[in-house]
Amino acid sequence: MIEVTGHRGAAGLEPENTLRSIRKAIALGVDRVEIDVRVTRDGHLVVIHDETVNRTTNGHGYVKDLSFDELRRLDAGKGERIPTLEEALKLTKGKVTLQIELKVPEATEPTIRLVEKEKAEREVIITSFMHDLLRKVHDLNPVLRTGALFFDVQGDICQKALDVKSEAIHVYYRNVDSKLVDEAHKRKLKIAVWNPDEIEDMKRMINLNVDVIGTNRPDILLGLLKEMNMR
Ligand code: G3P
Ligand code: CA
């Protein structure tokens, strides 16, 4: 079965990376929810994509320069607050896999310790573009599954993922072709693609036989898979 990941929750339908967006993705029936994690000035793990709060909230400034209290006062859309990683974990636990993208190196160890505290080791996948962080995750706790993120396909990306003990390559969908899918499968890696939001692009990914499709519009993808009798 092709797994469906709600990107930043269901970011095409609700304010990205909010609990409301995560709830929406779960209600639609996704298998995974993807979120981004950063650290506040005073060391709290928070769910936000950009390095500043400018685009997604009514505030401004760098996440790393704001205290947790300052950041929590902001409106992240429709009255939502920027969630903590702990809130996201509690909301998804027992329902869907939480795909946690480490946006900064400082998030690595605290994220792993929190996942352990919540006993969610088997319900998360840790991803990053910074592949050395994935190696660190593996060293901290080898039970944890990781996925290496890539925008383009330069060099032997399967080997790069294997080198840091990842179970999957996560590649920008426009840069994925059947050669890459075959290569990943031959080397016992999963291939996840991010993030087609148009139906024609989703169909191409399904026909390529990828393992996981992330999207901001899980409603469209799940509907399509149902139509194709794949759900
Ligand atoms: O899942 C991969 C994707 O989330 C990476 O890109 O910029 O949306 O975090 P970005
Ligand atoms: Ca992300």
Side-chain angles (χ1 to χ4, degrees), residues 2-19 21-22 24-25 30-39 45-57 62-64 76-77 82-85 88-89 92 96-108 111 115 123-134 137 144-154 157-158 160-161 164 166-176 180-181 184 189-198 201-202 205 208 210-218 220-221:
I2 296 181
E3 282 189 81
V4 173
T5 306
H7 187 240
R8 307 182 196 172
L13 301 167
E14 296 291 353
E16 68 177 57
N17 278 327
T18 60
L19 295 182
S21 185
I22 297 172
K24 179 72 178 183
V30 300
D31 307 294
R32 302 181 180 188
V33 166
E34 191 265 358
I35 56 166
D36 305 288
V37 173
R38 293 183 177 273
V39 186
L45 292 168
V46 288
V47 177
I48 182 166
H49 179 272
D50 297 2
E51 62 180 352
T52 73
V53 298
N54 304 0
R55 179 180 61 85
T56 55
T57 77
Y62 286 89
V63 175
K64 68 175 174 49
I82 294 174
T84 61
L85 177 58
L89 264 173
T92 51
V96 293
T97 298
L98 187 62
Q99 188 176 302
I100 304 169
E101 182 182 343
L102 301 171
K103 283 293 188 196
V104 288
E106 308 80 67
T108 311
T111 293
V115 168
E123 299 181 59
V124 301
I125 294 171
I126 312 291
T127 65
S128 189
F129 286 103
M130 293 170 275
H131 302 150
D132 51 325
L133 304 185
L134 303 176
V137 169
L144 292 169
R145 293 179 287 161
T146 68
L149 301 181
F150 298 90
F151 176 71
D152 47 21
V153 182
Q154 285 197 13
I157 68 166
C158 291
K160 289 179 191 170
V164 294
S166 283
E167 66 160 26
I169 51 172
H170 294 236
V171 188
Y172 179 53
Y173 75 98
R174 287 186 195 273
N175 295 327
V176 172
L180 181 66
V181 176
L189 285 163
K190 288 186 191 178
I191 176 158
V193 297
W194 49 275
N195 287 302
D197 292 334
E198 304 289 336
D201 295 322
M202 291 172 179
M205 293 299 112
L208 279 175
V210 301
D211 302 288
V212 187
I213 303 176
T215 177
N216 296 295
R217 292 296 306 268
I220 298 177
L221 179 56

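In listed order, ligands and their atoms are each counted from 1.
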Listed partners of Asn54 passing side-chain contact (heavy atoms from CB on, under 4.5 Å), at least two apart: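 Only Thr52, His60 meet the side-chain contact (heavy atoms from CB on, under 4.5 Å) criterion with Asn54.
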Protein N, O or S atoms lying under 3.0 Å from the Ca ion (ligand 2), listed by chain and number: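 Those protein N, O or S atoms (cut-off: under 3.0 Å from the Ca ion (ligand 2)) are Glu34 OE2, Asp36 OD1, Glu101 OE1.
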Is [Y] close to [X] at the side-chain level, that is, under 4.5 Å between some pair of heavy atoms?
X	Y	answer
Leu45	Val39	yes
Leu208	Ile191	no
Leu102	Val137	yes

Phe129, CZ: over 12 other non-hydrogen atoms inside 6.0 angstrom: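 Count over threshold, so yes.
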Of all the heavy-atom pairs spanning [X] and [Y], show the shortest one and how long it is.
X	Y	value
Arg8	Ser21	O-OG, 2.9 Å
Arg32	Val30	O-CG2, 3.3 Å
Asp197	Arg217	OD1-N, 3.7 Å

Amino acids in close contact with ligand 1, where any non-hydrogen atom sits under 4.0 angstrom away: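 For ligand 1, the contacting residues are His7, Arg8, Glu34, Asp36, His49, Gln99, Glu101, Lys103, Phe129, Leu149, Trp194.
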Results of salt bridge (charged side-chain N to carboxylate O under 4.0 Å, His left out) for Glu101 - residues two or more places apart only: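 Expected list: Lys103.
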